[in-house]
Amino acid sequence: MAELLSILYVAAFAASGIGISRAVFFREKPLVRIWLGLTAGLAMLLWFPALFSFALGFYLPAQLLGLLLACLLGAAGFFFSRKRSLSISPWRAELPFFIAGGALLAICLVLLSSHTIVPRDGALYVGQSTYGDLAMHLGFISSIATQGTFPPMYSICPDQAVNYPFLCESIGATIYLFGTSLRFATMLTASYAMLLVISGVYCFFQEWLGESRKSVFAMLLFFIGGGFGFWYFFDLLKDNPENLTRLFTAFYETPTNFVSYGLRWVNPIADMMIPQRALLFGWALLFPCLFLLHRAAIKRDESAFVPLGVLAGALPLVHTHSFLALGIVSGFYLMRSFARNEGKTQWLGFAKYLGIVLLLALPQLLLFTFRQSGGFLKFHFNWANASDNFFWFYIKNFGLIALLAPVAFLAANREDKGVVGGAVLIWLVAELIQFQPNPYDNNKLLFVAFAYACGLVGGWLFDARDRLARGAARNRLSVALLSAMVCAMLFLSGALTLGREYVSEYQLIDRDQVAAADYVKENAEPEATFLTYNNHNNCIAALTGRNIVCGSGSYLYFHGVEYSARERALPLLYELPEVYFDTLAEQYDIDYVFIGSSELANYSVDLGYFSQNFEVFYQNATVTIYRVK
């Protein structure tokens with residue numbers, strides 16, 4: 001029942017967005033109008049419950065008020081919309097997209113399902129790409145819904161406000177609040193965003209390239225295209241047959257992600273959209289923004305500036321990197337407009353766009369984003385390349401896309417060169433400035449530039465193929481064979497990576513810890529604090545929504561959170577409790593002590609002290625939890 005109500009809740013936001021789109025984008029063809037409507041629905045689902053939660057706390061009344069506001073706006077949109085015929089012919093023209101986009105969505109949903117805490121024999125399993133970050137996202141979702149504090153605090157470092165873009169987590173917490181499983185809440189919201197990302201990439205390319213076949217091919221390049229990494233696995237295969245089989249068994253040894261070989265350009269489905277919720281929801285809003293920006297700045301449709309400003313203003317607390325990338329492209333297009341002297345009407349449109357963005361985004365930036373990222377910025381050249389020549393690094397990571405991009409750029413007309421200019425600027429910025437502790441994370445900017453490269457190369461390849469086909473009309477087989485070879489080099493690395501991701505499976509949390517977490521969810525106070533080891537796959541933090549004294553540094557460090565004192569306290573609390581426990585337990589407000597396999601493996605736990613001084617709250621074969629208060 002909870003799952004059905006959740007689906008209806010999300011569907012109501014989606015329908016409201018379509019109502020708004022009918023009024024605002026009534027001139028668009030059906031596919032674009034529905035896609036932009038679903039985007040508006042997602043933006044409202046992200047923001048409206050959150051806005052009421054700032055005032056009321058993260059409880060059901062805030063979620064229902066958010067729904068009511070969305071429905072009122074959607075009803076107004078339907079009421080003031082203009083009727084348009086939904087003829088069959090436009091849908092037939094989009095058949096290539098429905099086939100290719102449907103296949104991509106199926107891949108995403110299969111991986112999402114197999115990678116999101118799959119229950120088996122009492123334990124929870126994930127895939128390769130979700131083994132690291134998923135537990136953090138689950139902890140955010142469960143703690144926001146369980147504790148009701150909004151803006152949220154870090155449950156893995158209590159009393160620290162979350163500066164990470166948390167709306168990607170609160171949208172899952174909304175569904176979890178209805179009583180669904182944590183797995184369902186995570187998957188339902190991510191599925192909605194995946195549909196929009198795939199549709200958005202296609203619609204953006206179609207707006208730019210014009211032809212459906214070019215747009216579909218560019219979309220496939222973006223989601224599956226890869227470099228020459230496959231060669232490392234086929235090379236010397238005769239001497240070492242395991243050189244290929246390890247691709248499907250080793251941890252992160254794939255043609256798109258093998259650090260020791262300098263392969264760092266990951267597959268966007270396997271390594272970005274599946275494990276990284278902030279990026280997933282950010283892209284769901286970013287590509288509509290790029291679509292509207294192209295319409296406004298390149299095609300000079302001033303009516304696109306206002307909806308663009310609204311969507312762009314919603315981005316900072318969804319995904320900061322997407323907001324920054326959009327700002328760089330927008331800035332380039334503004335400078336291009338001044339250089340071409342496009343006139344006051346166009347500049348007024350940019351001014352409206354900027355004004356709306358500042359009004360909506362500035363409070364987010366000042367209150368949250370700058371507090372996290374202020375100390376991260378530094379000069380860093382050559383992104384994540386640690387072992388190769390600068391040019392060879394990109395050639396082997398991008399393959400034919402890197403080799404053909406300069407050719408396609410030289411062959412492009414003036415307008416297309418202006419389109420990709422913003423992407424070149426993104427690339428320069430990301431190659432010179434590091435925006436977070438891990439330089440690798442600049443790929444969240446670089447992927448936006450990569451999308452433009454895919455559009456440029458994809459369009460040129462079709463033009464080149466058409467010229468060859470006209471010149472070799474008597475030998476179509478040679479053109480088909482050449483096309484197949486080019487596609488093999490473009491898509492083989494990405495396809496192999498997706499195959500590896502499909503067969504990957506790792507246990508995230510064992511059955512005893514899952515059972516302990518279930519008991520805690522039913523019997524411990526929502527705001528209780530547990531003493532545990534700071535492993536990343538911590539069952540209390542991920543599954544129960546309760547606080548722990550200190551979480552994994554692999555999460556906290558990269559969020560800019562100071563946690564060193566809490567981390568130093570953990571061994572003192574477990575190993576020397578007679579000396580330190582009373583003082584530190586009061587300091588960190590500890591309610592329960594969790595002793596399981598990770599605690600016993602990493603500390604010389606004074607078991608006698610805990611058994612003599614505290615009552616057992618829960619116990620099974622490998623886990624004991626003591627109640628302190």
Side-chain angles (χ1 to χ4, degrees), residues 53 57-60 124 135-162 166 169-170 173 176-177 179 181-182 185 509 512-552 555-556 561 563 565-567 569-570 572-574 577 580-599 603 605 609-611 613-620 622-629:
S53 295
F58 203 87
Y59 302 106
L60 275 177
L124 298 177
M136 177 192 72
H137 295 301
L138 297 176
F140 277 128
I141 292 170
S142 60
S143 64
I144 292 171
T146 300
Q147 299 185 34
T149 303
F150 207 80
M153 311 295 285
Y154 280 100
S155 65
I156 57 175
C157 193
D159 300 328
Q160 289 279 349
V162 173
F166 51 78
E169 317 293 7
S170 65
Y176 190 52
L177 201 60
S181 68
L182 193 54
I509 301 174
D512 286 343
Q513 298 205 16
V514 171
D518 288 340
Y519 186 85
V520 167
K521 284 191 293 184
E522 295 296 327
N523 296 280
E525 303 81 2
E527 296 176 354
T529 298
F530 285 72
L531 172 64
T532 71
Y533 180 57
N534 64 338
N535 50 310
H536 85 282
N537 55 336
N538 188 289
C539 69
I540 298 297
L543 303 179
T544 73
R546 273 65 176 180
N547 298 324
I548 62 174
V549 173
C550 183
S552 172
Y555 299 150
L556 295 171
V561 177
Y563 65 97
R566 288 176 173 269
E567 187 176 52
L570 297 181
L572 302 178
L573 286 160
Y574 276 113
Y580 295 103
F581 191 87
D582 288 345
T583 302
L584 292 176
E586 183 177 357
Q587 179 179 347
Y588 296 121
D589 199 24
I590 297 172
D591 301 293
Y592 298 91
V593 176
F594 185 99
I595 301 176
S597 56
S598 295
E599 290 72 24
Y603 303 123
V605 180
Y609 176 87
F610 294 109
S611 63
N613 288 275
F614 306 118
E615 65 173 326
V616 174
F617 173 71
Y618 173 82
Q619 191 169 40
N620 63 31
T622 63
V623 173
T624 302
I625 303 177
Y626 293 98
R627 188 197 304 269
V628 175
K629 298 177 183 178

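Basis for what follows: all heavy atoms, side chains included, without hydrogens, waters or symmetry-related copies. The structure presented is a predicted model; accordingly, all values stated were derived computationally and were not measured.
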Can you pull the salt bridge (charged side-chain N to carboxylate O under 4.0 Å, His left out) pairs that have at least one residue in residues 520-547, sequence neighbours excluded? Asp518-Lys521

Run the side-chain hydrogen bond (donor to acceptor under 3.5 Å, both in side chains) test against Tyr555 and tell me which residues pass, sequence neighbours left out. none

Between Tyr154 and Tyr563, does the ring centre distance come in under 6.0 Å? no

Using ring centroids (six-membered ring only for Trp), state whether Phe150 and Phe166 fall under 6.0 Å. yes

Distance col, row Leu573:CG vs Thr583:OG1, nearest 0.5 angstrom, shows 10.0 Å

Any side-chain heavy atom of Cys550 within less than 4.5 Å of one from Leu570? yes

Within a strict 4.5 Å, meaning less than it, do heavy atoms of the Ile625 and Gln619 side chains meet? no

Considering the options Tyr626, Tyr588, Tyr592, Phe581, which one meets the side chain to side chain contact (heavy atoms under 4.5 Å, CB included) requirement together with Leu531? Phe581

So for atom OH, which belongs to Tyr580, do other residues, nucleotides or ligands contribute more than 12 heavy atoms lying within a distance under 6.0 Å? no

Verdict with reasoning, Thr146 to Thr544, per side-chain contact (heavy atoms from CB on, under 4.5 Å): CA-CA 8 Å; Thr146 300; Thr544 73; over 6 Å; no

Non-neighbouring partners of Tyr603 that pass ring-ring contact (aromatic ring centres under 6.0 Å, His included), sequence neighbours left out: Tyr533, Tyr574

Determine whether the side chains of Ser155 and Asn547 contain a donor N or O and an acceptor N or O closer than 3.5 Å. no

Can you see which heavy atom on Cys157 is nearest to which on Val561, and at what distance? SG-CG1, 3.9 Å

Start with the C-alpha distance between Asn538 and Ile548, add both sets of side-chain angles, then the distance that settles side-chain contact (heavy atoms from CB on, under 4.5 Å), and finish with yes or no. CA-CA 9 Å; Asn538 188 289; Ile548 62 174; 4.0 Å; yes

Output, in order, the C-alpha distance, side-chain angles, deciding distance and verdict of side-chain contact (heavy atoms from CB on, under 4.5 Å) for Val549 and Phe530. CA-CA 6 Å; Val549 173; Phe530 285 72; over 6 Å; no

